[in-house]
Amino acid sequence: MQKRTFLKTTLTAALGAAILPHLDLLAQPVEFTLPALPYGFAALEPHIDAQTMEIHHGKHHKAYVDKLNDALKGKPEANLSLEALQKVMDKQPAAVRNNGGGHYNHNLFWTLLTPNGPGKPSGALAAAIDKDLGGLDALKAAFEKEAKGVFGSGWAWLCKGADGQLFITSTPNQDNPLMPLKGIRQGTPILALDVWEHAYYLKYQNKRADYISAFWNVVNWAECERRFAGK
Ligand code: MN3
């Protein structure tokens with residue numbers, strides 16, 4: 001008999017059915033897991049190569065998940081959702097911030113890429129891009145400038161602020177705009193680009209700008225629109 005089943009059976013027998021609603025107290029936190037990619041490793045070729053995708057997902061992202069689970073072992077934060085965890089990062093040690101950010105950022109990043117590009121934004125998101133950023137070409141120019149300007153490792157972001165306005169920003173390392181940290185402009189991520197060297201070096205080497213240009217061919221604008229609508 002499994003330990004939990006034994007406890008549940010014993011407790012139920014001893015205390016009666018009245019305790020049943022409280023038995024979830026015995027539940028162990030569910031560990032974070034590496035999500036499957038929503039497309040094949042080679043699906044984003046030639047813009048992002050298969051070997052990069054395989055290593056990025058299977059080694060880098062997996063390491064963030066494993067180290068996050070280790071760092072949260074026995075802590076109440078292990079019960080939080082991945083998004084809720086980002087919002088308490090001001091109170092976490094470096095191992096949780098780095099690996100929790102790494103897991104959230106990559107989870108998000110895979111969904112923001114698609115083999116069905118290049119597309120473009122439509123609907124309410126397209127209207128907001130026109131109103132807040134001066135159109136798609138201006139968005140791309142500002143986003144590319146931000147992505148190229150990250151010194152060392154980090155991420156570029158298109159976000160929706162609390163006021164509903166779009167803005168472009170960047171974060172160092174595995175930080176993200178959900179984290180209530182000094183120096184980070186807070187917002188809901190709509191689009192994200194990983195500019196760590198591990199995201200592009202095999203194909204693009206030192207040419208980060210070429211990787212950033214190629215990125216527009218695989219952006220999943222439908223997912224950006226869904227996020228912008230708050231769904
Ligand atoms: Mn990465």
Worksheet entry | Pair listing, salt bridge (charged side-chain N to carboxylate O under 4.0 Å, His left out) test, anchored in residues 53-65, at least two apart |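 Of all non-adjacent pairs touching residues 53-65, those that pass salt bridge (charged side-chain N to carboxylate O under 4.0 Å, His left out) are Lys62-Asp66.
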So, the side chain of [X] versus the backbone of [Y]: is there a donor-acceptor pair under 3.5 Å, distance only?
X: Glu223; Y: Leu113; result: no
X: Tyr104; Y: Asp175; result: no
X: Lys160; Y: Gln165; result: no
X: Asn217; Y: Pro118; result: no
X: Ser81; Y: Ala84; result: yes
X: Asn220; Y: Thr111; result: yes

Distance-only side-chain donor-acceptor flag, [X] / [Y], under 3.5 Å:
X: Glu225; Y: Ser122; result: yes
X: Trp157; Y: Glu146; result: no
X: Asn176; Y: Gln86; result: yes
X: Gln174; Y: Asn98; result: no
X: Ser213; Y: Asp210; result: no

Please determine whether residues [X] and [Y] belong to a single hydrophobic cluster, defined as Ile, Leu, Val, Met, Phe, Trp and Tyr linked transitively by side-chain heavy-atom distances below 4.5 Å.
X: Val195; Y: Tyr201; value: no
X: Leu82; Y: Leu37; value: yes
X: Val150; Y: Trp196; value: yes
X: Tyr204; Y: Leu202; value: no
X: Leu178; Y: Phe167; value: no

Rounded to the nearest 0.5 Å, how far apart are [atom1] of [X] and [atom2] of [Y]?
X: Ile168; Y: Leu139; atom1: CD1; atom2: CG; value: 4.5 Å
X: Leu133; Y: Leu158; atom1: CG; atom2: CG; value: 6.5 Å
X: Ile48; Y: Phe215; atom1: CD1; atom2: CZ; value: 7.5 Å
X: Asp70; Y: Lys67; atom1: CG; atom2: NZ; value: 9.5 Å
X: Gln92; Y: Met179; atom1: CD; atom2: CE; value: 10.0 Å
X: Ile184; Y: Thr171; atom1: CD1; atom2: OG1; value: 6.0 Å

Worksheet item: So which heavy atom on Ala78 is nearest to which on Leu72, and how close?
Response: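 So the minimum-distance heavy-atom pair works out to CB-O, 3.6 Å.
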Decide if atom [atom1] of [X] counts as having more than 12 heavy atoms of other residues, nucleotides or ligands within a radius under 6.0 Å.
X: Gln51; atom1: CD; result: no
X: Lys207; atom1: NZ; result: yes
X: Lys145; atom1: NZ; result: no

In this structure, is the centre-to-centre distance between the rings of [Y] and [X] below 6.0 Å?
X: Phe143; Y: Trp216; answer: yes
X: Tyr64; Y: His103; answer: no
X: His56; Y: His198; answer: yes
X: Trp155; Y: His106; answer: yes

Worksheet item: Can Lys140 and Glu144 be counted as an ion pair, charged N to O under 4.0 angstrom?
Response: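 No.
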Worksheet item: Cation-pi between Lys203 and Tyr211: NZ/CZ under 6.0 Å from ring centre and within 45° of the ring axis?
Response: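 So Lys203 doesn't make the cation-pi contact.
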Item to complete: Give a yes/no verdict on a cation-pi contact between Arg208 and Tyr200, requiring under 6.0 Å between NZ or CZ and the six-membered ring centre and an angle within 45° of the axis.
Response: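 No.
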